[in-house]
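Remarks on the structure that follows.
We count ligands from 1, going down the list as the structure has it; atoms in each ligand are counted the same way. What's counted below: heavy atoms across the whole structure, side chains too, no hydrogens, waters or symmetry copies.
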Amino acid sequence: QPSFSDDFRELLDYADGLSRLEVWANGDTPEDAQRARSFGARGIGLCRTEHMFMQADRLPVMQEMVASVTKEERIEALSKLKVMQKEDFVGIFRAMEGLPVTVRLLDPPLHEFLPKVPEMRERLEALEAEGKGDGPEARKIRVLIQRAESLKEANPMLGFRGCRLGIIYPEIYEMQVEAIFEATVELMSQGVQVYPDIMMPLVGTKEEMRRLREMVDSKAKEFEARLGGEIPYMVGTMIEVPRAALVAGELAEDAEFFSFGTNDLTQTTFGYSRDDAEGKFLAEYVRIHVLPDNPFHVLDRSGVGRLMELAVREGRQTRPDIQIGICGEHGGNPKSIAFCHKLGLKYVSCSPFRVPVARLAAAHAALGLID
Ligand code: PEP
Ligand code: MG
């Protein structure tokens, strides 16, 4: 629980009354969700599900899935992951009862889940030296090495990740959607109010959006039949590659919400690596006025902000009531929050610890105190 004084709490509530923007939080665990709620977040704007697979007890099962040769093997590993993933969602939905939770389906390149190849080779050599080169562990390591090499890409951030995984291996996203709906149905049957919003990463074409939406809708039908009632879910997409902003009007045919992933959108618009966001070169560019601000911190109309304006306009043309927010790091930056206010977004979503500052910034923006 944050130890805010009563005065500060009162100030934040007063600020909320002035704001047009809501402040939501990014969080991947029930603890994050509880913290977000205690800081005053009005929803979870980004639950990155990949973090759930990185935990020590899940990684071996994830590796089993990535190393699978047949679809049957993959499905068996996925069914184990589903049980774990469902428990995560139950915890998060419970912590956020009555508020929306935006769950993003798996995003990172699959090879990130595999051990590093040199480490695996070292282990293999050790096994061979012990005369266990034909044993089950050595066999498994060989499959993992081969899979890691086949998944290796020169630039994995631009490669086989995001919804591309869900299109090529539908069973991965189906598992996640089932885990979301299983958790939802379980809680709704107990009278808990759950609002799951399912978000697709890295979408850039209408066809990607359409296929994924159809998959979610068909799963929803199955679970609604099981529940004997409607599940108040939405399906939407991140806008995080320039093409998504350009074809936002088409994406809105199948997306009930957009969330700007400005980390990737900045990387792909400027061609700067997001890993260099805090590096020397951008700071120097700002110092010598080649750039007005670090584009990974501040949105403006000359760059990523222009694409956002376009996406908002086109999206609303197709679907006037489309819900639009932002979940990239900019969502916690006061100047960028002012930009989002002017764009008329519904919410900014930031790290739980930034929520109080973002609530004040949203009020400042409404009062015209930040530009
Ligand atoms: C983004 O790209 O802005 C985003 C929120 O997604 P991630 O940081 O997980 O790529
Ligand atoms: Mg992203």
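A salt bridge is defined here as a Lys NZ or Arg NE, NH1 or NH2 lying under 4.0 Å from an Asp or Glu carboxylate O, and R121 with E125 fails to meet this definition. Look at E329 and R274 and you find no salt bridge, because none of the NZ, NE, NH1 or NH2 atoms lies under 4.0 Å from a carboxylate O. Using a cutoff of 4.0 Å between basic side-chain nitrogens and carboxylate oxygens, E224 and K221 are not scored as salt-bridged.
Considering backbone and side-chain N/O atoms, T262 comes within less than 3.5 Å of an N/O atom of ligand 1. In terms of polar-atom proximity, defined here as any N/O pair under 3.5 Å, R104 does make such a contact with ligand 1.
Contacts between M238 and ligand 1, counted as non-hydrogen atom pairs separated by less than 4.0 Å, involve the side chain only. Contacts of R274 with ligand 1, taken as heavy-atom pairs under 4.0 Å, involve the side chain alone.
Interface atoms of ligand 1 facing C327, defined by a heavy-atom separation under 4.0 Å, are 5 (C). When each atom of ligand 1 is checked for a heavy atom of L46 under 4.0 Å away, the hits are 5 (C).
For E240, the N/O/S atom at the shortest distance from the Mg ion (ligand 2) is named OE1. If you look at D264 and ask which of its N, O or S atoms sits nearest the Mg ion (ligand 2), the answer is OD2.
Among the atoms of D107, no N, O or S atom is found under 2.8 Å from the Mg ion (ligand 2).
Classified by interplanar angle (parallel below 30°, tilted 30° to 60°, perpendicular above 60°), the ring pair Y169/F160 is tilted. Below 30°, between 30° and 60°, or above 60°: for F4 and F8 the angle between ring planes is above 60°, a perpendicular geometry.
Of the protein's non-hydrogen atoms, N263 N, 2.7 Å is the one closest to atom 3 (O) of ligand 1.
Judged by distance alone, with hydrogens and angles left aside, the side-chain atoms of E256 form no donor-acceptor pair with the main-chain N or O of G236 at under 3.5 Å.
When the ring pair (Phe, Tyr, Trp, His ring centres under 6.0 Å) test is applied to F181, the partners found at least two apart in sequence or on another chain are F223, Y233.
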